[in-house]
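To find a chain, count down the sequence lines: A is the first, B the second, and so on, and within it residues start at 1.
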Amino acid sequence: MPELPEVETIVRGLDPGLRERAIAGTELLFPPLLRRASARDLAALVGKRIAGVRRRGKMIVIECRGGPTLVFHLKMTGQLLLAEPGAPRDKHTRLVITFADAASELHFRDIRKFGFLLCLAQTPHGTRAGHDAGAADTCAELASLGPEPLAVTSDEFAGRFAGKKARIKGLLLDQTIVAGIGNIYADEILFDARIQPETPASSIGREGWVRLWKSTRRILNKAIRAKGSTVRDYVDTSGRAGRFQFSHRVYDREGEPCRACRTPIKRIRVAGRSTYFCPSCQRKRRRVVSTHITMLPKR
DNA sequence: AGTTCCCTGAGG
DNA sequence: CCTCAGGGAACT
């Protein structure tokens with residue numbers, strides 16, 4: 001379940017590891033991985049150097065100098081691994097990219113085959129990493145994304161929800177409103193902001209939006225520092241698990257005591273997703289005086 | 001805005 | 001055997 005913090009961790013592992021390296025070849029072991037292109041289009045990568053790797057929402061953008069741009073979405077079980085050259089491929093390995101220097105190779109694994117790869121033709125002008133919009137940002141998958149939650153002001157953040165009446169949990173998952181939040185972090189952010197997940201956006205007051213914005217920043221930044229959450233399949237580019245799952249307050253803790261008030265955590269279904277919250281700390285339409293929850297000691 | 005589906009593995 | 005996990009598209 002790579003969400004923003006996991007994808008950010010992967011990008012931070014890939015960028016220094018891949019920058020300026022020349023691609024020697026590609027092996028597409030599961031052709032449906034590649035959307036709107038064929039394995040032949042990947043041949044345009046050979047001989048090109050990687051200009052940089054960046055993140056947009058939950059997507060990973062790899063730009064090549066004078067060559068195509070690759071966009072990966074890992075969905076739930078996708079992994080990008082920097083492997084030893086000739087490292088064994090298992091039945092879940094979908095793509096291997098090799099490099100001229102043979103220092104390492106890039107493996108894409110995906111148990112459930114939900115992930116996808118775009119190979120976007122080079123734009124006539126810019127190919128500098130991270131600056132020019134280039135091919136990537138104008139493709140449908142990226143163009144539809146809302147802003148980065150860590151790059152907006154509290155007013156911009158609240159403005160993205162203006163006029164929406166749906167339940168806040170569902171809106172946090174909507175990538176066109178704000179990009180990068182998935183099921184785990186939506187629940188953790190709402191707990192931190194003490195907002196009940198079914199609260200209609202229209203009934204969140206001004207201070208509620210500021211709290212939600214602050215909690216979004218706090219939780220995502222903490223999770224990035226912990227290199228993400230490993231609940232099931234997520235590992236970074238070295239195959240290592242994250243550590244933020246040990247800091248989860250509500251996600252996957254049904255029936256366990258709230259770390260703030262010991263009330264058992266509830267699980268409900270919102271927007272088709274399991275949703276965990278503390279029925280005491282996250283009461284509906286509750287005016288909250290203090291911004292800070294004091295955590296009880298563990299056990 | 002809610003439901004179904006894609007897919008595979010884990011757990012009951 | 002069954003259900004569940006969940007990002008996002010496609011449907012109703």
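A cation-pi arrangement, defined by a distance under 6.0 Å to the six-membered ring centre and an angle within 45 degrees of its axis, is absent between A:Arg94 and A:Phe108.
Checking the phosphate oxygens (OP1, OP2) of C:dG7, no side-chain nitrogen or oxygen of A:Gln175 falls inside 4.0 Å. Proximity of A:Arg267 to the phosphate of C:dA5: a side-chain N or O atom is located under 4.0 Å from OP1 or OP2. At least one side-chain nitrogen or oxygen of A:Lys58 sits closer than 4.0 Å to the OP1 or OP2 atom of C:dG8. Dashed line: the shortest gap from a side-chain N or O of A:His73 to OP1 or OP2 of C:dG8 is under 4.0 Å.
Across all strands, A:Arg269 comes closer than 4.0 Å only to sugar-phosphate atoms, never to a base (heavy-atom distances). Using a 4.0 Å heavy-atom distance criterion, A:Ser274 is classed as a sugar-phosphate-only contact.
Between A:Arg55 and the choices A:Glu8, A:Glu6, A:Glu3, the salt bridge (charged side-chain N to carboxylate O under 4.0 Å, His left out) rule is met once, by A:Glu8.
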A correct dot-bracket answer for DNA chain B, with pairs being Watson-Crick or G-U at under 3.5 Å, [ ] for crossing pairs and | for inter-strand pairs, is ||||||.|||||

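Side chain of A:Lys113, nearest nucleotide from C:dG8, C:dG6, B:dC7: B:dC7. Residue A:Arg273 has its side chain nearest to C:dG8 when only B:dC6, B:dT8, C:dG8 are considered. Of the candidate nucleotides C:dG6, C:dG7, C:dG8, C:dG7 has the atom nearest to the side chain of A:Glu3.
Expressed to the nearest 0.5 Å, how far CD of A:Glu207 lies from OG of A:Ser154 amounts to 12.5 Å. Separation of atoms CZ (A:Arg225) and CG (A:Leu220) is listed at 11.0 Å; rounding is to 0.5 Å.
No donor-acceptor pair closer than 3.5 Å links the side chain of A:Asp187 to the backbone N or O of A:Tyr251. No donor-acceptor pair closer than 3.5 Å links the side chain of A:Glu254 to the backbone N or O of A:Tyr276. Here the side chain of A:Asp110 pairs a donor or acceptor atom with the backbone of A:Phe114 at under 3.5 angstrom.
Here C:dG8 presents its P atom at 12 Å from CZ of A:Arg56, a figure rounded to the nearest Å. Taking atom CG on A:Leu33 and atom P on B:dC7, their separation rounds to 14 Å, with Å as the unit. The interatomic distance linking A:Phe116 (CZ) with C:dA9 (P) rounds to 7 Å, in whole Å. Between the CG atom of A:Leu172 and the P atom of C:dG8 there is a distance of 13 Å, given to the nearest Å.
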Taking only N/O atoms, report every protein-nucleotides 9-12 of chain B pair under 3.5 Å with atom names and distance.
residue	atom	partner	partner atom	Å
B:dG9	OP1	A:Lys91	NZ	3.3
B:dG9	OP1	A:His92	NE2	3.3

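Rounded to whole Å, the P atom of B:dG11 lies 15 Å from the corresponding atom of C:dG6. For the P atoms, the distance linking B:dC7 with C:dC11 amounts to 16 Å, nearest Å.
Using a 3.5 Å distance cut-off with no hydrogens or angles, the side chains of A:Ser229 and A:Tyr185 do pair a donor with an acceptor.
Using a 4.0 Å cut-off between charged nitrogen and carboxylate oxygen, A:Lys169 and A:Asp174 do not count as a salt-bridge pair. Ion pair A:Arg160/A:Asp155 not flagged as a salt bridge, since none of the NZ, NE, NH1 or NH2 atoms sits closer than 4.0 Å to an Asp/Glu carboxylate oxygen.
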